[in-house]
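Worksheet: one structure, shown below.
Below, all heavy atoms of this structure are taken into account, side chains as well, without hydrogens, waters or symmetry copies.
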Amino acid sequence: MTTQDTFISHLVELRDRLLRAILAVIVVFLCLFPWARDLYAMLAMPLIAALPAGGQMIATDVVGVFLVPVKVAFLVAFVIALPYVLYQVWAFVAPGLYIHEKRLVGPLVVASSVLFILGMSFAYFLVFPVVFKFMASVAPEGVAWMTDIDKYLSFALTTFVAFGVTFEVPVVVIVLVRVGVVSIEKLKEIRPYVIVGAFVIGAIFTPPDVISQVMLAVPLWILYELGIVAARLIGRPPAAAQPAASGEPTEAGPK
């Protein structure tokens, strides 16, 4: 098989796996569509609970009352289908991995999905109530604090992504150590820079208040430390498990 044929076959496989992932999200979305309004009401609960008496959310766009709940349903569908989407990603890159790296695919897919959902849950159940109560307390006297439903969705989505990606730090650390990109000693050495970077990230991806910035930065730091501990426990693969530089096959068995 020529290099061009190999490249085309990879493109075809990438297309097929992308289509499978998209189809999975669409199927889940169609199942959730009848409950789109209920899903948005659930998403808005933290803000509704913090609004002053008589406060409510508003819709400034004519079709916003329809499109926003649909977007929420699509977001929930993506989260539900996330394990399958991540599996398609790992399955595409798996043929280029060593045998000892392939053994990590399953656990990493599960861990990535769980950690991302935990990050979103942390934002919804802990960060949102604290941030919204703080915003309600600092609103000037005589100002009706309300927000457009579309802007609230954008805020929630940005926060979910920020915390979801933040909670992936242990997986990133384990992968970097496992493939030999960085050593545990180096990770410990750059710890002060990571702490400073965590607070910088918290300042960029959260609302402009100290509380929410700290609530992103501190978990990021803790998860970095957990990643170092987990990487030490898993360790680097033994040298015998890695294929020789001469190009020997990665699969065991007769040639």
Side-chain angles (χ1 to χ4, degrees), residues 5-46 63-125 127-128 149-150 152-176 178-179 205 223 227 230:
D5 292 336
T6 303
F7 178 72
I8 293 176
S9 66
H10 285 323
L11 287 180
V12 171
E13 182 184 2
L14 177 61
R15 181 202 63 187
D16 292 342
R17 295 200 177 277
L18 284 175
L19 289 176
R20 292 173 191 170
I22 294 173
L23 182 60
V25 175
I26 293 176
V27 169
V28 178
F29 167 74
L30 293 177
C31 295
L32 295 176
F33 180 77
W35 294 276
R37 293 199 308 171
D38 298 327
L39 291 173
Y40 184 84
M42 186 180 301
L43 176 66
M45 281 177 58
V63 295
V65 291
F66 170 76
L67 290 181
V68 173
V70 169
K71 292 177 182 178
V72 174
F74 190 83
L75 171 63
V76 176
F78 175 76
V79 173
I80 294 175
L82 184 61
Y84 183 77
V85 173
L86 290 178
Y87 169 77
Q88 293 299 325
V89 175
W90 283 110
F92 177 73
V93 302
L97 302 177
Y98 297 135
I99 295 177
H100 62 271
E101 294 171 343
K102 292 181 180 179
R103 296 193 187 103
L104 289 176
V105 170
L108 287 179
V109 168
V110 174
S112 299
S113 303
V114 171
L115 288 173
F116 192 88
I117 294 174
L118 283 177
M120 294 179 62
S121 301
F122 182 86
Y124 180 83
F125 290 105
V127 177
F128 281 5
I149 58 175
D150 194 19
Y152 174 72
L153 175 61
S154 299
F155 167 83
L157 182 59
T158 301
T159 307
F160 283 154
V161 171
F163 279 85
V165 172
T166 295
F167 273 61
E168 297 291 335
V169 168
V171 173
V172 174
V173 171
I174 292 173
V175 171
L176 291 178
R178 186 74 176 181
V179 300
F205 292 102
L223 290 166

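The distance from atom OH of Y87 to atom CG of L82, rounded to the nearest 0.5 Å, is 15.0 Å.
Within a 6.0 Å sphere centred on CZ of F74, heavy atoms belonging to other residues, nucleotides or ligands number 12 at most.
Sorted by first then second residue, the salt bridge (Lys or Arg N to Asp or Glu O under 4.0 Å) pairs that include residues 63-75, not counting sequence neighbours, are K71-D150. Screening residues 75-91 for salt bridge (Lys or Arg N to Asp or Glu O under 4.0 Å), with sequence neighbours left out, gives no hits. Counting only residues at least two apart or on different chains, no salt bridge (Lys or Arg N to Asp or Glu O under 4.0 Å) pair has a member in residues 152-169.
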Hey, can you pull the donor-acceptor pairs under 3.5 Å for the side chains in residues 26-40, sequence neighbours left out?
residue	atom	partner	partner atom	Å
Y40	OH	I149	O	3.2

If you look only at distance, which donor and acceptor atoms sit under 3.5 Å apart when one is on a side chain in residues 104-118 and the other is two or more places apart or in another chain?
residue	atom	partner	partner atom	Å
S112	OG	L108	O	2.7
S113	OG	V109	O	2.9

Verify side-chain contact (heavy atoms from CB on, under 4.5 Å) between Y84 and R20, making sure each step is shown before the conclusion. CA-CA 9 Å; Y84 183 77; R20 292 173 191 170; 3.7 Å; yes

Verdict with reasoning, Y152 to L43, per side-chain contact (heavy atoms from CB on, under 4.5 Å): CA-CA 9 Å; Y152 174 72; L43 176 66; 4.0 Å; yes

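Listed by chain and number, the residues in a salt bridge (charged side-chain N to carboxylate O under 4.0 Å, His left out) with E13 are R17 (sequence neighbours excluded).
At a threshold of 4.5 Å between non-hydrogen side-chain atoms, the residues L75 and F160 count as touching. The shortest distance between side-chain heavy atoms of M120 and F167 does not fall below 4.5 Å. Between T159 and F128 there is a side-chain heavy-atom pair separated by less than 4.5 Å. Side-chain contact between L18 and F92 is absent, with no heavy atoms from C-beta onward closer than 4.5 Å.
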